[in-house]
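Remarks on the structure that follows.
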Protein chains: 2
Amino acid sequence: MSTKTSKKKAGLFDDERAGNIYRIAAQMIHEKGFDATSMNAIAEAVDLTKPGLYYYVKGKKELLFAIMSFAMDLLEKEVVQPAKELDRPQDRLRLIVRRHARLLTHESGAVAILIDEVGGLSDAQRDEITERKRAYFDFIRETLEALKAEGELFDVDTTTATFSLLGMVMWICRWYQPGGRMDSDEVVNDVAEIAVRGLVRGSRSPIGAEADTEAANLDLENVLS
Amino acid sequence: MSTKTSKKKAGLFDDERAGNIYRIAAQMIHEKGFDATSMNAIAEAVDLTKPGLYYYVKGKKELLFAIMSFAMDLLEKEVVQPAKELDRPQDRLRLIVRRHARLLTHESGAVAILIDEVGGLSDAQRDEITERKRAYFDFIRETLEALKAEGELFDVDTTTATFSLLGMVMWICRWYQPGGRMDSDEVVNDVAEIAVRGLVRGSRSPIGAEADTEAANLDLENVLS
DNA sequence: ACTTGCTTACCGACCGGTAAGTAATAGCCG
DNA sequence: CGGCTATTACTTACCGGTCGGTAAGCAAGT
């Protein structure tokens, strides 16, 4: 009667194995697309037969939904929550971009899938994910609105600006390869600076900005994540 | 013996009907994804049975390849060629963004598909499309290199910058809806300015820049497309 | 004896694609 | 002009293969 008691001795037990399945499935779906990734292929990749896989997973849609929900959890925990602790909109914006970008460069898998593949969900599942994505979108747009209120935002529509920002950031998972010649930190730095500079009037790179009057309010540790 | 003589009286003859098929198929693939769009569904959408559709197209991959080739043609004709007629890198850059963005807002269809769906092609087809995309990518990166040589580019990696630029622009087709509350011109304007401002040091909006010393070299008609 | 963690064997649905036939038209012959 | 043939533009019927998903059973641990 316990779905979470776990803790047995066999190599990979319940939870651990399930986690492994989600991780690998996320990577495969990210690489080949949801439709092109068969349950058979996923089962093989985790050294199981298809019905063996179905022992851990209720269905293909549920698998995708679980991965996307996990990705949204990650996004909220690693991006939104830390951002809310910063007061200055410009710092918030930079942290959002940097943190989101870093999630995509470090072990992309799940978070990358959020971009595409919503079509693979059932109606109810899609509604839920879409709603969470909308909340994330609104959080960013409100940050831009705050910037606008301070006169720091260039004269652009905040909706267009938010989409542009997100497109640029999320696009990273389409071209960045962790093993390639580019260091992930460089990428995150460059993308963040391009994004912030494109939107914020008096944008200054946080590095070497300590002399600024409001520097006391700027937590480098956080902004640079 | 004629594959192109055409010109008959029946409602939709050879070429015209084929064009219609490609147009509708492009839209469907853009909306639902390549894998999720069956040949049966495409056939129905153009009021045919599946074998009727196969009278006009050789196969699903060939259909996709034809659409993507058409999209690349369009990109080269409407973006690359006009851009090459401008000398100043900053003008080139702005025109590229604006023209590409406009292709996506006006009757997206085919051009939008270039982003995703390369996985649906055969190896040889994918190689060809990838090569053409790489050429387009390089054209933009060289424009940024030229900017860098003039000291006008911010200190960012040109590859990262090119990807960021393209991600931002191509993302448009994921959120912009022609019938929505936003005017396509506004979107194109905003996106172009965000992109250029994020990359170019002394960026000035082309509107109201006539007083500049180099204004003679700036063809507003072209830059604003 | 019972649960856990699987396997072999199999299902109906739908996929891309094709073989074969057909109604309508075009072109040519006398 | 009528009559014949060939081509065009499709259709009905069907193919093998793969998909997501399941029924039933089995080996091992508790």
Side-chain angles (χ1 to χ4, degrees), chain A residues 1-22 24-25 28-29 32-67 117 119-123 125-126, chain B residues 1-22 24-25 28-29 32-67 117 119-123 125-126:
Chain A
M1 285 309 146
S2 66
T3 60
K4 290 259 177 187
T5 43
S6 60
K7 201 149 273 181
K8 302 181 185 167
K9 61 184 171 187
L12 285 172
F13 67 94
D14 211 11
D15 293 1
E16 192 173 336
R17 180 134 208 183
N20 195 40
I21 289 170
Y22 288 118
I24 290 185
M28 293 178 72
I29 292 171
K32 302 221 317 165
F34 182 68
D35 289 335
T37 306
S38 72
M39 291 301 267
N40 241 321
I42 294 172
E44 265 184 40
V46 294
D47 270 314
L48 279 174
T49 56
K50 189 169 47 170
L53 172 61
Y54 271 87
Y55 176 78
Y56 293 97
V57 171
K58 258 176 259 171
K60 204 189 184 190
K61 287 177 183 180
E62 284 72 21
L63 173 60
L64 179 61
F65 180 65
I67 292 171
E117 318 303 0
L121 299 168
S122 74
D123 288 357
Q125 290 168 339
R126 182 167 47 247
Chain B
M1 281 308 151
S2 65
T3 59
K4 289 260 175 184
T5 41
S6 59
K7 204 149 272 179
K8 301 178 186 170
K9 62 184 174 187
L12 284 171
F13 66 93
D14 211 12
D15 294 1
E16 193 173 335
R17 180 129 206 186
N20 195 40
I21 289 171
Y22 286 116
I24 290 185
M28 292 178 74
I29 293 171
K32 301 218 323 165
F34 181 68
D35 289 335
T37 306
S38 71
M39 291 301 268
N40 240 322
I42 295 172
E44 264 184 40
V46 295
D47 269 314
L48 280 173
T49 56
K50 189 167 45 167
L53 173 62
Y54 271 88
Y55 176 78
Y56 292 99
V57 298
K58 261 175 259 171
K60 203 189 184 190
K61 287 176 183 181
E62 284 72 21
L63 172 61
L64 179 61
F65 181 65
I67 292 170
E117 318 302 0
L121 299 169
S122 74
D123 288 356
Q125 290 167 340
R126 181 166 49 246

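All chains are named by letter (A, B, ...) in the order of the sequence lines, taking the proteins before the strands, and each is independently numbered beginning at 1.
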Toward the 5' end of DNA chain D, which comes first, B:D47 or B:K50, by nearest nucleotide? B:D47
For atom CG of A:L53 and atom P of D:dG21, their distance in whole Å: 10 Å
Mind checking whether B:L48 and B:R17 have side chains closer than 4.5 Å, heavy atoms only? yes
Protein-proximity profile, nucleotides 23-28 of chain D, B/S/- by nucleotide at the 4.0 Å heavy-atom cutoff, equals B-----
To the nearest 0.5 Å, atom CD1 of B:I29 lies from atom NZ of B:K60 at 7.0 Å
Gap between atoms OH and P, on B:Y54 and C:dA19 respectively (whole Å): 13 Å
Measure from CD on B:E62 to P on C:dG16 and round the result to the nearest Å. 13 Å
Taking 4.0 Å as the cut-off, does a side-chain nitrogen or oxygen of A:Y55 come that near to OP1 or OP2 on C:dC6? no
Without decimals, in angstroms, what is the distance between A:K61 NZ and D:dC19 P? 17 Å
Between C:dG17, C:dC15, D:dG20, which nucleotide has the shortest distance from any of its atoms to the side chain of B:S38? C:dC15
In Å and rounded to the nearest 0.5 Å, what is the CD to CZ distance from B:E117 to B:R126? 12.5 Å
Of the candidate nucleotides C:dT18, C:dC15, D:dG21, which contains the atom at the shortest distance from the side chain of A:K60? D:dG21
Could you give the CD1-to-P distance, from A:I29 to D:dC19, as a whole number of Å? 14 Å
Under the side chain to side chain donor-acceptor pair (under 3.5 Å) test, which residues partner B:S122, sequence neighbours left out? B:Q125
Spacing between B:L48 atom CG and D:dT8 atom C1', to the nearest angstrom: 13 Å
Check A:I67 against A:Y22 and note the closest heavy-atom contact, atom names and distance. CD1-O, 3.9 Å
Show the atom names and distances, to 0.1 Å, of all donor-acceptor pairs under 3.5 Å that link a side chain in residues 33-43 of chain A to residues at least two apart or in another chain.
unit_1	atom_1	unit_2	atom_2	d
A:T37	OG1	A:G33	O	2.6
A:S38	OG	A:A41	N	3.0

Could you give the CD-to-P distance, from A:E44 to C:dC6, as a whole number of Å? 16 Å
Sugar-phosphate, base or nothing in reach of A:T49, heavy atoms under 4.0 Å: base
Does any non-hydrogen side-chain atom of B:Y56 lie less than 4.5 Å from one of B:L63? no
To the nearest Å, give me how far apart NZ (A:K58) and P (D:dT22) are. 12 Å
